[in-house]
Structure formats: structure tokens, C-alpha cells
Amino acid sequence: MLLIPCPNCGPRDETEFHYGGQAHVPYPENPYELSDTEWSRYLFYRENPKGIFAERWVHSTGCRQWFNMLRDTVTYDIQAVYPMGVPRPDSSRDGAPETGTASTAPDSTTTGSAGPSISTTSIQSTTAPEGATK
Amino acid sequence: MAETAASPISAKTAADKNLAARVSPAKQLAEAFAAGSLAGTVELSELPFLTMVGLRASAGSDTAQRLAAVTGGLPAASGAVAGSGDTSVLWLGPGEFLVVAPTEAHESLGGGLIPALRDALGGNAGQVVDLSANRTTFELTGPRARDVLEKGNSLDLHPRVFKAGTAFSTEIANIPAILWKTGEESFRIFPRASFAEFLGRWLLDAMREYASPEVP
Ligand SMILES: [Zn+2]
């Protein structure tokens with residue numbers, strides 16, 4: 001059971017939340033221009049990283065608000081919780097997701113961003129199909 | 001809506017009729033609640049037909065201020081309960097609140113609370129919704145009440161953390177419910193009407209070890 005720090009309510013059991021999948025998947029600027037392949041990529045293709053993953057959660061039995069979260073898919077360590085619409089905070093382990101070490105983040109309930117923002121490869125994409133695939 | 005009542009007498013009769021026709025969601029458990037309670041240890045009862053109103057208004061907006069003037073304040077953050085007199089306002093989310101008032105505050109019984117809130121909202125962005133039939137109210141009291149709740153809720157219910165006069169929207173027995181600590185040893189639990197029987201029976205089961213005669 002994860003203990004998820006809701007930005008409004010504080011730490012609550014995972015069962016009070018619902019998962020919303022990968023965060024920062026932009027809606028295509030002009031969906032009508034997409035081919036079926038591109039559209040399907042936007043709809044269905046998501047990352048499946050081993051390591052830090054930016055994802056959406058909603059506190060459905062609490063304040064019913066959505067928020068974003070950085071979670072380590074290996075250690076389940078929660079690195080950051082931040083509002084919807086805010087860019088993904090920098091994560092110290094983005095460069096080496098394969099290592100899965102938890103040693104750099106002793107406090108799993110830290111909220112907000114930490115450190116300078118060095119953009120990762122995936123977030124800055126501008127064209128819809130490209131952004132959708134990442 | 002007081003002005004629509006032709007005379008106080010006919011309004012009273014209509015209200016009595018209205019109330020007599022209603023069946024509370026856990027009425028069928030009333031006897032079981034009485035039998036499963038032990039005075040001075042833990043007691044469970046249903047408080048039927050409390051008036052409940054869902055409010056939505058952005059924090060700090062003029063609408064929120066006008067609604068607050070009717071209820072006697074709006075709570076600012078998770079856990080907080082505002083209000084005045086017998087009207088309380090529970091925080092459900094940012095800009096979302098639940099007003100809890102006595103039965104007779106309901107419009108159908110001649111009460112003015114909901115019309116006053118509706119007037120305060122006017123045509124502005126927000127909501128005033130009568131939710132009185134959405135949930136029922138359980139009252140769990142006694143020195144063992146906290147032990148009973150701790151079997152099915154993962155909040156820290158220790159009095160050091162969970163103070164009287166706070167309320168949280170959470171899970172009890174794996175179902176969504178609002179838990180309001182009204183006194184040092186008394187709690188109000190608001191399950192949705194469709195969960196009332198389940199939660200009532202679950203609480204009775206959790207109470208049994210405390211409310212049974214001691215084995216010599
Ligand atoms: Zn919350």
C-alpha cells in the first residue's frame with residue numbers, strides 16, 4: 001500500500017486515490033491532421049519506464065482533486081507531488097532510470113520541485129504525434 | 001419560501017405528513033443498533049434526515065463570502081469545520097463544502113436555509129445543491145468509539161492529532177464516508193444512503209467485542 005501525500009489533504013492510503021496514467025501527454029493541436037497511426041499513438045502509446053515516472057492521480061475519496069506525481073516504478077519512492085499544468089520537476093535520476101536506486105531521496109514525501117530544471121528529453125516535444133509518443 | 005405557506009397550521013401539518021412518510025436508510029437497523037450498544041462503552045445510532053447542502057464556490061470569491069454570511073463561515077482547509085449555532089460547514093475539497101443542519105432546517109419542513117443559500121448564490125458561478133437524501137448520519141459515541149473506527153480507517157485518530165471539531169472525507173471499512181469528530185468521544189459518520197446498511201452492520205460487528213458482557 002502506497003502512502004500518497006495529497007497536496008490538499010496530506011498523506012492518505014493509496015485506496016483513496018485513482019490512477020490517471022502518464023502525465024504530460026499533450027492533446028494534439030490539430031487532431032484532424034493526424035493519421036490513424038498518429039492518433040492511435042496519442043491514444044494508446046505510453047511510456048513504461050523502469051525508474052522515475054510522471055503520472056496523474058486523483059484523490060477520489062478525499063478532496064476529489066487531480067495532481068501530478070513523480071514515482072519510482074522500481075522502489076515506489078514518491079519523489080515529488082505537484083499541481084496539474086505545472087511542468088515536470090527535474091529528477092536527479094532521469095539520466096539513469098535503469099539504476100533504480102532510492103538512496104538519493106531519503107524523504108519520500110517531499111513536495112514541489114527540487115534543484116535546477118534541466119529539461120528531460122521527453123517533455124519539450126512540440127509536434128503532436130511526437131509529443132504523444134513520448 | 002416561508003411566504004408560500006398559506007397559514008402556519010397547514011404548513012405544520014404538511015411538514016409532519018412529509019416527515020412521517022420518510023424512511024431513513026438505516027431504519028431497519030434501529031433495533032440492532034440499540035441491542036449492539038453498551039452505555040458507557042460504545043453506542044451507535046442513526047440520526048435520520050439531517051439537512052445537508054452541497055456548496056461550491058471559489059475560495060475568496062464574492063459568492064463564497066455571501067454563502068459564508070448565510071452559514072456563519074466557510075472552512076478554509078482540509079479537516080476544518082466552520083458554521084454557527086446548529087449549522088456546520090465541512091470542508092470537502094478546495095471550493096467544495098457540505099452544510100449540515102438540523103432536520104427542520106429543510107425546505108420541505110418550512111426551513112429557510114436552502115432558499116437563503118440559493119439567494120446568496122444567485123446567478124453566479126457555483127453550486128447550492130440539496131443533498132439531504134444523499135447521505136445518512138451515524139452517531140458513534142463512547143470511550144471505545146475510536147477503537148471501533150481504527151479497525152476500518154487509516155487516519156491517525158489519536159486525540160493528539162484528530163481533534164474534536166474536525167472532519168475528513170475518507171474511507172471507513174473500505175467505503176467512502178465523511179468522519180466528523182464532534183466531541184472527545186463522539187463521532188458522526190456520513191455514509192451514502194446505499195452504503196448505510198453495510199456500514200451499520202460493519203460497525204455493529206466491530207463494536208461487538210467491546211459491547212459484549214465480559215467473560216469471567
Ligand atoms: Zn486530497
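Owing to the predicted nature of the structure, the values given are computational and were not obtained by experimental measurement. Letters A, B, ... mirror the listed sequences (proteins, then strands); counts begin at 1.
In this structure, the side chains of A:N68 and A:R88 stay at 4.5 Å or more apart for every pair of heavy atoms.
Looking at A:Q22, its side chain does come within 3.5 Å of a backbone N or O of A:E47 through a donor-acceptor pair.
With rounding to the nearest 0.5 Å, the separation of CZ in B:F33 from CG in B:L140 is 10.0 Å. Taken to the nearest 0.5 Å, the CD1 atom of B:I189 stands 5.0 Å off from the CG atom of B:L203. The CG atom of B:L90 sits 11.5 Å away from the CG atom of B:L74 when rounded to the nearest 0.5 Å.
Neither the backbone nor the side chain of B:I178 comes within contact range of chain A; no heavy atoms are under 4.5 Å apart.
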Do chain A and chain B have donor-acceptor pairs under 3.5 Å, and which are they?
from	atom 1	to	atom 2	distance (Å)
A:R12	NH1	B:S169	O	2.9
A:D13	OD2	B:S154	OG	2.9
A:T15	OG1	B:E171	OE1	2.9
A:E16	OE2	B:T170	OG1	2.6
A:T61	O	B:S169	OG	2.9
A:R64	NE	B:E96	OE1	3.4
A:R64	NH2	B:E96	OE1	3.2
A:R64	NH2	B:E96	OE2	2.5

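Using cut-offs of 30° and 60° for the angle between ring planes, the B:F198 and B:F195 rings count as perpendicular. Between A:H24 and A:Y82, the angle of the ring planes stays under 30°, which puts this pair in the parallel group of the 30/60° scheme.
Contact count against chain A (heavy-atom pairs under 4.5 Å) is highest for B:P94 among B:P176, B:G93, B:P94.
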